[in-house]
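This report refers to the structure that appears directly beneath it.
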Amino acid sequence: MDLGIAGRWALVCGASKGLGYGCASALAAEGVHLLINARGAVPLEQAATQLRAVGAQWASAAGKNEPKVVAIACDITTPEGREAVWAAGGGPGRDFDIVLTNAGGPPMGDFRGFTADDWQRAVNANMLTPIELIKAVLDGMAARGYGRILNITSSAVKAPIDILALSNGARSGLTGFIAGLARSEIAAHGVTVNNLLPGKFDTDRLNATFEGAAQKTGKPLQDIRRSQAAQIPARRFGTPAEFGALCAFLCSPQAGYINGQNLLLDGGLYPGTF
Ligand code: NAP
């Protein structure tokens with residue numbers, strides 16, 4: 001299916017690896033121009049090189065010019081980082097058609113151990129940063145009559161996990177805000193706002209949690225991976241490419257009537273009917 005988004009501009013945050021990279025890659029494969037971001041400059045440049053190759057493949061098949069890939073290494077959770085993104089040369093300033101908000105998740109642990117500063121950091125990264133990004137682009141999208149905002153949140157928003165207190169709290173705040181925003185006047189101007197809720201995807205972040213569990217329990221890493229995967233009806237972890245495929249579809253005109261939704265991608269792990 002041609003998603004009809006070639007030539008549009010997307011800002012994809014946290015895109016040097018993992019789910020953000022999966023989304024950027026799926027968009028590059030549709031001929032979308034990308035401004036990608038992450039803190040580490042070297043992995044981000046490597047990701048940009050791979051994404052240019054994906055874009056080149058699309059261009060050669062479509063007989064069109066290659067989509068641009070601009071990489072800005074910065075911490076998106078800081079005002080300076082966001083200013084660096086907006087000011088990026090070669091990109092369209094704030095005139096993005098697509099914005100994917102994403103950054104690292106907060107640390108795990110017993111809530112009794114978290115300080116007010118821990119909560120401030122989690123709320124800043126996983127609630128206020130997406131809101132600041134959206135605030136900068138939303139009215140421009142509405143004025144141009146097309147916009148797609150996607151936020152990577154977590155399955156923990158739908159089925160909270162006790163050791164993810166910071167994530168449960170901060171991301172639920174974002175989810176409530178998005179529910180109101182998506183149904184505001186911007187919906188009549190071609191702008192949709194949705195959340196993507198990953199269950200267990202095979203990324204460095206998931207592997208880090210397994211390594212932590214292996215150290216804590218003394219069990220071999222492979223045993224932990226196997227037993228975790230066995231709890232999922234699909235009997236495997238998701239891939240960033242599967243995640244990216246839904247992202248790209250939601251960015252298309254075909255998905256124009258999907259708005260204000262929390263889309264769970266978890267291989268059937270969530271046990272409820274809805
Ligand atoms: P990942 O593989 O660790 O990738 C995270 C990406 O975000 C990297 O490119 C990282 O690069 C970048 N990043 C982190 N903090 C950043 C910051 N402050 N500013 C800019 N870029 C930043 O993680 P992932 O598995 O893709 O997870 C993405 C999001 O989904 C996280 O919020 C995670 O909690 C959530 N999630 C993931 C899963 C899963 O199964 N994987 C499940 C539920 C929720 P740098 O470190 O170089 O900045």
Side-chain angles (χ1 to χ4, degrees), residues 11-26 34-48 50-51 71-85 88 99-109 121-130 132-133 150-161 163-172 174-175 195-213 225 228-229 231-232 234 236-244 246-247 262-267 269-270:
L11 166 61
V12 183
C13 300
S16 64
K17 60 182 180 174
L19 302 179
Y21 179 83
C23 293
S25 181
L34 296 171
L35 196 156
I36 58 168
N37 137 271
R39 291 164 303 178
V42 172
L44 185 68
E45 268 313 321
Q46 285 166 351
Q50 290 168 18
L51 291 167
I72 302 296
C74 64
D75 184 342
I76 201 68
T77 68
T78 65
E80 300 75 27
R82 291 189 288 277
E83 278 312 316
V85 163
V99 171
L100 177 91
T101 77
N102 176 36
M108 291 181 254
R121 270 194 294 276
V123 168
N124 179 51
N126 298 112
M127 179 182 174
L128 301 182
T129 292
E132 286 298 316
L133 290 168
L150 292 168
N151 306 292
I152 300 185
T153 64
S154 172
S155 61
V157 171
K158 200 167 161 76
I161 303 166
I163 56 160
L164 292 179
L166 293 171
S167 177
N168 298 337
R171 296 190 204 270
S172 293
L174 177 66
T175 304
N195 300 320
L196 294 169
L197 283 57
K200 290 181 178 160
F201 279 80
D202 212 349
T203 66
D204 284 358
R205 178 169 166 88
L206 189 71
N207 283 316
T209 65
F210 293 161
E211 275 160 21
R225 278 185 67 87
Q228 288 278 330
Q231 291 166 27
I232 302 168
R236 65 176 179 87
F237 305 117
T239 67
E242 289 173 314
F243 195 87
L246 178 60
C247 166
N262 290 286
L263 295 138
L264 186 62
L265 298 86
D266 72 349
L269 184 59
Y270 177 75

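Numbering starts at 1 and runs along the sequence shown. Order of listing sets the numbers, starting from 1, for every ligand and every atom in it. Because the structure is a prediction, the values reported are computed rather than measured.
Under the 3.5 Å distance criterion, the side-chain polar atoms of S25 are left unmatched by any main-chain donor or acceptor of G22. Remark: the backbone N or O of D202 is not paired with any side-chain donor or acceptor of N207 at under 3.5 angstrom. Looking at T209, its side chain does come within 3.5 Å of a backbone N or O of L206 through a donor-acceptor pair.
The shortest contact between atom 32 (O) of ligand 1 and any protein heavy atom is with A103 O, 2.7 Å. In this structure, the protein non-hydrogen atom closest to atom 14 (C) of ligand 1 is G104 N, 3.2 Å. Scanning all protein heavy atoms for the shortest distance to atom 22 (C) of ligand 1 gives R39 NE, 4.0 Å. Nearest protein neighbour of atom 39 (C) of ligand 1, counting heavy atoms only, is F201 N, 3.7 Å.
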- Can V99 and V12 be said to form a side chain to side chain contact (heavy atoms under 4.5 Å, CB included), step by step? CA-CA 6 Å; V99 171; V12 183; over 6 Å; no
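Distances below 4.0 Å separate heavy atoms of T203 from the following atoms of ligand 1: 2 (O), 24 (P), 25 (O), 41 (N). Using a 4.0 Å cut-off to heavy atoms of D204, the atoms of ligand 1 that qualify are 2 (O). Atoms of ligand 1 lying under 4.0 Å from any heavy atom of I152, numbered from 1 in the order shown and given with element: 29 (C), 30 (O). Interface atoms of ligand 1 facing L19, defined by a heavy-atom separation under 4.0 Å, are 26 (O), 30 (O), 37 (C). Within ligand 1, counting atoms from 1 as listed, the ones closer than 4.0 Å to a heavy atom of N37 are 20 (C). Near G14, meaning under 4.0 Å from any of its heavy atoms, are these atoms of ligand 1: 6 (C), 7 (O), 9 (O), 12 (C), 21 (N). Each of the following atoms of ligand 1 lies closer than 4.0 Å to a heavy atom of K200: 40 (O). Close contacts between ligand 1 and T77 involve ligand atoms 18 (N) [criterion: under 4.0 Å to a heavy atom].
A tilted orientation is assigned to the rings of F237 and F210, their planes being inclined by 30° to 60°.
Put simply, the side chain of L11 reaches to within 4.5 Å of the side chain of C13, judged on heavy atoms.
Closest heavy-atom contact between T77 and T129: CA-OG1, 3.3 Å. Closest non-hydrogen pair, K158 versus L197, comes out as CB-CD2, 4.2 Å. In terms of heavy atoms, A26 sits closest to G244 at CB-O, 3.2 Å.
At least one N or O atom of G199 sits closer than 3.5 Å to an N or O atom of ligand 1. For ligand 1, none of its N or O atoms has an N or O atom of A38 under 3.5 Å away. Considering backbone and side-chain atoms together, R205 places an N or O closer than 3.5 Å to an N or O of ligand 1.
Under the 4.0 Å distance rule, the nearest protein heavy atom to atom 20 (C) of ligand 1 falls inside the cut-off.
Legend: residues meeting side chain to side chain donor-acceptor pair (under 3.5 Å) with T153, ordered by chain and number and at least two apart, are absent.
Comparing R171, R121, K17, R82 against atom 34 (O) of ligand 1, the shortest heavy-atom distance belongs to R171. The nearest non-hydrogen atom to atom 29 (C) of ligand 1, considering only N102, N124, L44, comes from N102. Between atom 44 (C) of ligand 1 and the options A125, P240, P198, S167, the minimum heavy-atom separation is to P198. When the heavy atoms of I76, L206, D75 are ranked by distance to atom 18 (N) of ligand 1, first place goes to D75. Of the listed options G40, S16, A15, S16 places a heavy atom closest to atom 8 (C) of ligand 1.
Here the rule is side-chain contact (heavy atoms from CB on, under 4.5 Å) with R171, and of I152, V157, V123, L166 only V157 fits it. Exactly one residue among N102, L100, N195 makes a side-chain contact (heavy atoms from CB on, under 4.5 Å) with N151. That residue is N195.
By the 4.0 Å heavy-atom criterion, C74 is counted among the residues contacting ligand 1.
Under 4.0 angstrom from ligand 1, the non-hydrogen atoms of T153 all belong to its backbone.
At a threshold of 4.0 Å, the pair D266-K200 does not count as salt-bridged, since none of the basic side-chain nitrogens sits closer than that to a carboxylate oxygen. With salt bridges taken as basic N to acidic carboxylate O contacts below 4.0 Å, one links E242 and R236.
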